[in-house]
Amino acid sequence: MTDSARPPRLRFAPSPTGYLHVGGARTALFNWLYARHNGGKFLLRIEDTDKLRSTDESTRAIFEGMEWLGLDWDEDVVYQGASLERHRADAMRMLDAGLAYRCFCTPEELEVRRKTAAAGHETFKYDRRCDRLLPDEVQERLDRSDAFVVRFRIPEGTTEWDDLVHERIAFPNKDLDDFVILRSNATPIYNLAVVSDDIAMGVTVVMRGDDHISNTPKQILLYRALGAELPTFAHLPMIHGMDGKKLSKRHGATAVGDYQHQGLLPTAMLNFLALLGWSPGGDREVMTVPEMIELFTPAGLQKKAAIFDPKKLEWMNGQHLSITPLAELEPYVTPAILAAGLADEATLAARREWYFDLLDLLRVRSRTIDDIVRQAGPYFLPHIDFDPEAVARNWKDPEAAADLLAKVSQTLASVDPWEPGPLETVLRGLAESLGIAAGKVFQPLRVALTGLTVSPGIFEVLVAMGRDLALARISDATDWLRRAADSK
RNA sequence: GCCCCCAUCGUCUAGUGGCCAAGGACUCCGCCCUUUCAAGGCGGCAACAGGGAUUCGAAUUCCCUUGGGGGCACCA
C-alpha cells in the first residue's frame with residue numbers, strides 16, 4: 001500500500017481558552033470533510049497545556065459546538081496535558097542526540113537583549129552563547145542547580161514543503177531562531193507538544209489556519225530530529241470581519257453557540273463556513289452535508305482570506321430551512337416553540353401531522369427558526385394582539401370593518417368541507433356579492449386572523465387554524481372593532 | 001525592523017493561455033407571478049490592484065511596485 005492510499009488521519013486541536021469560534025469551527029469542518037471524504041479518521045485533541053488560560057468550561061463549550069454542528073470525532077479525545085512525560089522525553093532525546101542544547105540564559109537577560117536589538121533596529125536572534133558552553137561549564141552550572149531551558153539548534157539550509165493549499169513554501173533556516181522546546185520547569189513549548197502529539201497520534205495531514213505557516217518550518221525540523229515521517233501540511237486562509245480585519249468580538253457573534261441560539265441550522269452554518277475558503281467548482285452553493293463530503297477536495301481550497309458576511313449566512317439558513325426534510329427540521333423548531341410558550345409537547349405530539357403542515361407553511365417565509373416561531377403564534381394562541389399598523393392600513397373604518405368581518409364569519413360558518421378550494425369559492429363569492437375586490441375581503445380577514453398584514457395564503461391560514469379558532473378570532477376582531485368604533 | 005502568505009464585482013466565488021467585450025451567488029434596485037409577505041422567475045448596477053516581461057494570444061505564466069494579512073515568547 002502506498003502512502004497516499006493509506007487512510008489519512010487528521011485532527012482538530014483547539015486550546016480550551018474560550019468558546020468554539022467560527023474560524024475554529026471551519027478548520028474543524030475542513031479536517032472533518034477531508035477525513036470523511038477519504039475514509040480516514042478525524043481526531044480531537046484539546047491543547048490544554050496552558051494551565052493558566054485553559055478551563056473545563058471552554059472544553060465543554062468546544063464539545064457542545066462540535067456536537068451541534070455534527071462534527072463527530074473518532075477515537076477518544078486526546079488531552080495534550082496528559083502527555084507531559086512523552087514531551088519531556090522527546091526533548092531529552094534531542095538533547096542527548098546533540099540536536100538541542102541547554103540554555104541558562106534567564107528570561108530577564110533575554111528581554112534586555114531583545115530590547116537592545118530593537119533599539120538598534122536589529123532583528124533579535126538568540127546568539128547561541130549557551131551552545132558554546134564547554135561540557136565542564138555546563139556540568140558546573142548543573143551541579144549548581146542553575147535553571148535551564150532546552151533549545152533546538154536550527155541546522156543550516158532551507159526548510160520547505162509542499163503545502164496542500166499553497167504549493168511550495170520555503171524558509172531559509174538562517175531566518176529561524178534556536179527556539180525553546182522545553183521550559184525551565186521541564187514543560188514543553190507548543191511546537192514540541194504539537195509535533196510530539198501528532199507523531200504519537202499518527203496524524204498524516206495537518207490542516208490548520210495559515211497563521212501557523214511560520215511555525216511549520218520549526219515543526220518540520222522537529223519531525224526530522226525525532227526521526228518521524230512528515231505529515232502533509234495544509235494551511236487554510238483566515239476569516240475576517242466585514243472591515244477586513246481578523247474576526248473578533250467587535251464583529252458581533254463569533255462563537256458557534258451564538259448562532260445556535262439565534263435560530264440557525266447547523267447544516268446551514270456548515271454550508272456557509274465551507275464556502276468561506278473552499279469551492280466545489282462551478283456554481284454549486286447550497287449543499288447537504290453528504291454532498292459536501294462527496295465534493296470536498298483540497299484542490300478547491302482558497303488561498304485568500306475570506307470575509308464573514310452575516311447576510312449570506314442568513315440567506316443560506318433560509319435555503320436549508322427549505323431543503324431540510326420536515327422530520328429533521330422539527331427537532332430544531334420544537335424546542336423554540338416550547339420555549340416561546342406556544343404549546344406543550346403533548347399538544348404537538350397529538351397534532352403531529354397538523355404541526356408538520358404548519359411548519360411547512362411557515363418555513364417558506366422564514367430565514368431563521370425564530371422567524372418560524374414568530375409567525376406561529378396565531379395558530380396556537382387563543383387570543384392575539386392586532387398590530388397597530390396592520391389595523392391602520394386594513395381596518396380604516398372600524399364600523400365597516402366589523403360589518404364586513406361579521407359577514408365573513410357568517411359565510412365561513414357553513415363552509416363544508418373546510419378546505420382551501422371551498423373556502424376560496426365562498427370568500428370570492430362574498431366579495432363579488434358585495435361588489436368589492438377580493439383583496440378587500442382577504443386583507444381585513446388576514447388582520448383578524450393573524451393580527452398582521454403578512455401571512456401565508458389566506459385559505460391556508462384558515463385551514464391551518466381550523467374553523468373554531470378562525471371564527472373565534474374573527475369574533476375577537478369584531479368585538480375589538482366595535483369597541484374602537486364606540487370610543488370614537 | 002525581519003520573515004512568510006495573499007491579491008477577479010461591496011462580499012463569497014467560477015475561471016488552471018484562446019470557449020471571457022469575465023460566469024454564478026449574497027446584498028441593493030426594477031419587473032413578472034399574486035389576496036399580503038415570502039419563495040420562485042426575469043432583468044439591472046458592479047471586478048481581473050498598477051507596471052513591465054513571455055506569447056500569435058494572458059484574469060490565467062514570470063518579475064517589480066503597491067495594498068492587505070500573518071508570524072517573529074520559557075502563549076497556544
Side-chain angles (χ1 to χ4, degrees), chain A residues 13-15 17 47-50 52-54 80 103 105-107 110-111 114 117-118 120-125 147-151 163 165-166 169-172 174-177 179-185 187-191 193-194 209-217 235 237-238 240 242 244-246 272 275-286 299-300 302-309 311-316 318 322 362-367 371 375 390 393-394 424 427-428 431 437-443 445-447 450 452-459 461:
Chain A
S15 37
T17 54
E47 307 216 319
D48 54 352
T49 324
D50 185 347
L52 286 178
R53 295 192 301 151
S54 299
Q80 188 160 66
C103 171
C105 299
T106 66
L110 259 11
E111 190 50 36
R114 240 187 290 273
H121 296 292
E122 279 170 47
T123 306
F124 174 80
K125 219 177 134 201
F148 67 88
V149 299
V150 176
R151 269 185 201 278
D163 197 273
V165 351
H166 294 273
I169 299 181
F171 283 79
K174 67 173 172 54
D175 294 327
L176 269 25
D177 207 2
F179 59 102
V180 173
I181 53 177
L182 201 66
R183 296 188 186 87
S184 52
N185 66 1
T187 59
I189 276 311
Y190 173 74
N191 281 313
V194 166
D210 66 15
D211 49 341
H212 284 286
I213 286 181
S214 51
N215 280 323
T216 306
H235 289 93
M238 307 267 85
H240 291 166
M242 286 302 271
K245 299 268 164 55
K246 192 170 175 178
F272 173 73
L275 258 22
L276 240 43
W278 173 73
S279 164
D283 297 341
R284 212 57 198 287
E285 291 217 300
V286 179
Q302 196 77 16
K303 296 187 180 79
K304 190 182 62 163
I307 290 174
F308 190 93
D309 180 2
K311 278 275 182 46
K312 188 151 186 175
L313 207 209
E314 252 197 27
W315 167 81
M316 183 62 83
S322 296
L362 302 183
R363 65 169 165 175
V364 184
R365 65 218 87 218
S366 303
R367 286 201 155 187
D371 285 342
Q375 296 180 78
R393 199 129 38 102
N394 297 289
E424 175 157 15
L427 285 176
R428 284 192 189 280
K440 292 294 181 192
V441 173
F442 298 162
Q443 274 308 93
L445 174 58
R446 191 187 312 280
V447 176
T450 66
L452 304 167
T453 55
V454 171
S455 83
I458 197 72
F459 315 113
V461 171

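Between the side chain of A:Arg446 and the base of B:U35, at least one donor-acceptor pair of N or O atoms lies under 3.5 Å.
The residue A:Phe272 sits apart from the nucleic acid: no heavy atom pair falls under 4.0 Å. Here A:Gln302 lies in heavy-atom contact (under 4.0 Å) with sugar-phosphate atoms only. Contact annotation for A:Ala438: no contact, since no heavy-atom pair falls under 4.0 Å across all strands. A:Gly277 comes within 4.0 angstrom of the backbone, heavy atoms only, and of no base.
Residues satisfying the side chain to side chain donor-acceptor pair (under 3.5 Å) test with A:Lys312, not counting sequence neighbours, are A:Glu285. Partners of A:Phe148 under the ring-ring contact (aromatic ring centres under 6.0 Å, His included) rule, at least two apart in sequence or in another chain, are A:Phe104. Evaluation of the side-chain contact (heavy atoms from CB on, under 4.5 Å) rule for A:Arg53 yields A:Thr17, A:Asp50 as partners, not counting sequence neighbours. When the ring-ring contact (aromatic ring centres under 6.0 Å, His included) test is applied to A:His212, the partners found at least two apart in sequence or on another chain are A:Tyr190.
For the pair A:Arg365 CZ and B:U34 C1', the interatomic distance rounds to 12 Å; values are reported in whole Å. Between A:Gln375 atom CD and B:A39 atom C1' there is a gap of 12 Å when expressed in whole angstrom units. What separates CH2 of A:Trp278 from P of B:A14 is a distance of 11 Å, to the nearest Å. For A:Glu122 and B:C2, the CD to C1' distance is 12 Å, given to the nearest whole Å. As a whole-Å value, the separation of A:Leu362 CG from B:A39 C1' is 13 Å.
Mapping A:Lys174 and A:Ile307 onto RNA chain B via the closest heavy atom, the residue that lands nearer the 5' end is A:Lys174. When each of A:Val165 and A:Met242 is assigned the nucleotide of RNA chain B with its nearest heavy atom, A:Val165 is the one assigned upstream, toward the 5' end.
Rounded to the nearest 0.5 Å, atoms CE (A:Met242) and CZ (A:Phe308) are 10.5 Å apart. Rounded to the nearest 0.5 angstrom, A:Trp315 CH2 and A:Phe272 CZ are separated by 10.5 Å.
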Evaluation steps, salt bridge (charged side-chain N to carboxylate O under 4.0 Å, His left out), between A:Lys311 and A:Glu314: CA-CA 5 Å; A:Lys311 278 275 182 46; A:Glu314 252 197 27; over 6 Å; no
Hey, mind stepping through A:Thr187 and A:Arg183 against side-chain hydrogen bond (donor to acceptor under 3.5 Å, both in side chains) and telling me if it holds? CA-CA 5 Å; A:Thr187 59; A:Arg183 296 188 186 87; 2.7 Å; yes
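At most 12 non-hydrogen atoms from other residues, nucleotides or ligands lie less than 6.0 angstrom from NZ of A:Lys440.
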A correct 5'-to-3' footprint of nucleotides 67-76 of chain B, with B, S and - meaning base, sugar-phosphate only and no protein heavy atom under 4.0 Å, is --SSS-SBBB
Using a 4.0 Å cut-off on protein heavy atoms (strictly under), produce a 5'-to-3' string for nucleotides 18-33 of chain B with B for base contact, S for backbone-only sugar-phosphate contact, and - for none. ------BBSS------
